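What follows is a short report on a single structure.
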Amino acid sequence: MPEVRRYAPGLARREELLDAARDLFAAEGFGGVSLRGIAAKAGISHASLLRYFASKDDLLLALLTRWEDANQDWYGEHADLPPSEAVPALARRNAEVTGYVELFAALTGDAASAGHPAHEHMRRRYEQLRTISHGEHAVDSALIAVWDGLQIMSLYLDGVDVPTELDAYYARPQGPGGDLAAAAPAAEAGMVVAVQDGPVAEESGYAPGRQRRAKILDSATELFAERGFSSTSLSDIASRVGSSKSTLLHHFGSKDALLTAVLTRRDERVNDRIREPLAPRAFLREVVEGARGDSARPGLIELYTVLSGEATALAHPAHGYFKRRFDWVIGHFASVFAMLQRSGQIGADRDPRREAAWFVALWDGLQVQWLYDPASVDIDAELKSHLERLLVP
């Protein structure tokens, strides 16, 4: 066995480099880390690192392969378990692996951009997941979306324990549901979901300045969706606008301020869907219709998905925005489900806030999958099916 001993030190160094990259990617995001930074953390020179990995992309893909091979081995060893036991157990295992949730959850969204080095890897992963079975049991595709969404959510909100939520998701009441299109019962009378007022866009100044500002926002939106925030420079945006970096800074002051303006305008466009108070069941129908409409505006989905993945890193300038957004949107849907519960449209054994978290997680997870393969994912149909399973017959 002398060959194994001779190569063992090299293999050990490779694992050390993967560990160093894992820690930095999880803490700062893929786009915010350099090969030199990884080499410094591992205590070797940049030149020495290049003996093991030719690029940061190669290092990332090797790290993903290491994790997925381990998961596949575990899954194969537990093929006798039904998904209701195997899925939460695998989630618990992953939660105990240093950096796994932080990096993998971030990449589900971040790599949705077609230009990301892990995009093709993740696309193939979702393609395989849609056909996977566990022993004699098929794995519910919606469950995969909920799982992904919960992992992302857990990096923004305290108290979201993914394995516990998956256990509860499997334990929820089964059986025939209701018809979302059916008329609401009389008990819903007087219940109203208020219109959500989005932030007001900056409209001051002369028309040419407003037009220039809008063009900058368009270009920044496109580039943030394509590459993520960290991998996009102000010079990149200025080049696409056909302007100078100083012009961008004149209108927005900083790259962080430009990011805030991009996210604010996205919220405006999303909030424009519903401009009048609606009863709870009618509101949910409009939500499903809005999800269908988003498919015609893929830039909005890509912007949200890519940035919500990238911003899981605590140091990201949009982390606070997404933390507040998750807290708000879950609270908003919880209030809608609570109204449905009071009017007898969902069971008394349901927890409105937990149902809201699952619904938001499902929606986010479906958007991720849609970006990797739009032809295989019908977001509005999946959301409608989920809501109808929640409603009483």
Side-chain angles (χ1 to χ4, degrees), residues 7-75 89-113 116-126 129 147-156 160-163 227-231 306-316 318-319 322 368:
Y7 287 103
L11 292 174
R13 174 62 76 185
R14 189 176 188 275
E15 292 301 304
E16 290 174 1
L17 288 168
L18 287 174
D19 289 344
R22 172 202 66 202
D23 293 345
L24 288 174
F25 290 159
E28 302 176 24
F30 177 76
V33 176
S34 68
L35 274 181
R36 292 187 184 278
I38 296 169
K41 184 171 181 62
I44 67 172
S45 68
H46 180 236
S48 296
L49 184 152
L50 293 175
R51 292 168 51 197
Y52 298 93
F53 298 100
S55 67
K56 187 174 71 166
D57 296 357
D58 288 347
L59 210 160
L60 173 64
L61 294 175
L63 182 57
L64 290 175
T65 299
R66 182 175 75 169
W67 277 337
E68 291 182 354
D69 286 349
N71 276 350
Q72 288 177 6
D73 289 344
W74 184 93
Y75 212 62
L90 182 55
R92 286 189 181 87
R93 178 186 179 278
N94 289 340
E96 295 170 357
V97 176
T98 303
Y100 178 90
V101 172
E102 290 82 358
L103 178 56
F104 214 90
L107 279 175
T108 57
D110 196 11
S113 171
H116 194 283
H119 179 83
E120 182 59 23
H121 179 99
M122 298 294 285
R123 187 198 65 75
R124 289 196 302 270
R125 173 181 178 267
Y126 282 112
L129 287 173
W147 191 353
D148 283 343
L150 286 170
Q151 286 193 136
I152 293 174
M153 190 183 295
S154 73
L155 298 177
Y156 290 106
V160 178
D161 182 79
V162 177
R227 308 178 187 177
F229 174 80
S230 298
S231 298
V306 170
L307 288 180
S308 64
E310 181 183 10
T312 55
L314 287 172
H316 195 283
H319 184 86
F322 282 103
V368 168

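Note that these values count all heavy atoms, side chains included, but never hydrogens, waters or copies made by symmetry. No experiment lies behind these values; they were computed from the predicted model shown.
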**Message:** Run the side chain to side chain donor-acceptor pair (under 3.5 Å) test against Ser154 and tell me which residues pass, sequence neighbours left out.
**Reply:** none
**Request:** Check Ala118 against Leu61 and note the closest heavy-atom contact, atom names and distance.
**Result:** CA-CD2, 4.1 Å
**Asked** Considering all heavy atoms of both residues, which atom of Ser231 and which atom of Gly31 are nearest to each other, and what is their separation?
**Response** OG-CA, 3.9 Å
**Residue pairs passing the salt bridge (Lys or Arg N to Asp or Glu O under 4.0 Å) test where at least one lies in residues 89-112, sequence neighbours excluded** = Arg92-Asp167
**Message:** The test is side-chain contact (heavy atoms from CB on, under 4.5 Å); show your working for Asn94 and Trp67 and say whether it passes.
**Reply:** CA-CA 9 Å; Asn94 289 340; Trp67 277 337; over 6 Å; no
**Gln151 and Tyr100, any side-chain heavy atoms less than 4.5 Å apart** = yes
**Request:** Heavy atoms only: give me the nearest Ala27-Ala313 pair and the separation to one decimal.
**Result:** O-CB, 3.5 Å
**Asked** From Asp58 CG over to Leu63 CG, what is the distance, rounded to the nearest 0.5 angstrom?
**Response** 12.5 Å
**Message:** Set out, in order, the CA-CA distance, both residues' side-chain angles and the distance that settles side-chain contact (heavy atoms from CB on, under 4.5 Å) for Trp147 and Leu90, then state yes or no.
**Reply:** CA-CA 11 Å; Trp147 191 353; Leu90 182 55; 3.8 Å; yes
**Prompt:** Is there a side-chain contact between Phe104 and Met122 (heavy atoms, below 4.5 Å)?
**Reply:** yes
**Message:** If you define the side chain from C-beta out and look only at heavy atoms, does anything of Val162 sit under 4.5 Å from Val101?
**Reply:** no
**Message:** Can you confirm whether Leu18 sits close enough to Phe53 that some side-chain heavy atom of one is under 4.5 Å from a side-chain heavy atom of the other?
**Reply:** yes
**Message:** Using every non-hydrogen atom in the two residues, find where Arg14 and Ala62 come nearest and quote the distance to one decimal.
**Reply:** NH2-CB, 3.7 Å
**Asked** So do the side chains of Ser230 and His316 get within less than 4.5 Å of each other, counting heavy atoms only?
**Response** yes
**Message:** Donor-acceptor pair, distance only, cut-off 3.5 Å: does the side chain of Tyr126 make one with the backbone of Val368?
**Reply:** no
**Prompt:** What's the spacing between Glu28 CD and Glu310 CD if we round to 0.5 Å?
**Reply:** 12.5 Å
**Prompt:** How long is the span from the CZ atom in Arg36 to the CD1 atom in Ile38, to the nearest 0.5 Å?
**Reply:** 12.0 Å
**Asked** What distance do Lys56 atom NZ and Leu49 atom CG have between them, rounded to the nearest 0.5 Å?
**Response** 12.0 Å
**Inter-residue atom distance Asp73.CG - Glu68.CD, 0.5 Å rounding** = 12.0 Å
**Asked** Going from NZ on Lys41 to CG on Leu24, what distance comes out if it is rounded to the nearest 0.5 angstrom?
**Response** 5.5 Å
**Least distance between heavy atoms, Ile152 atom then Ala105 atom** = CG1-O, 3.5 Å
**Complete:** Residue pairs meeting salt bridge (Lys or Arg N to Asp or Glu O under 4.0 Å), one or both in residues 16-27, sequence neighbours left out, come to Arg13-Glu16, Asp19-Arg22, Asp19-Arg66
**Prompt:** Passes ring pair (Phe, Tyr, Trp, His ring centres under 6.0 Å), Phe30 versus His116? Steps please.
**Reply:** CA-CA 10 Å; Phe30 177 76; His116 194 283; 5.2 Å; yes
**Request:** Taking the side chain as every heavy atom from C-beta outward, state whether Phe25 and Leu107 have any atom pair closer than 4.5 Å.
**Result:** no
**Message:** For Ala21 versus Leu59, what's the shortest heavy-atom pair and its separation?
**Reply:** CB-CD2, 3.0 Å
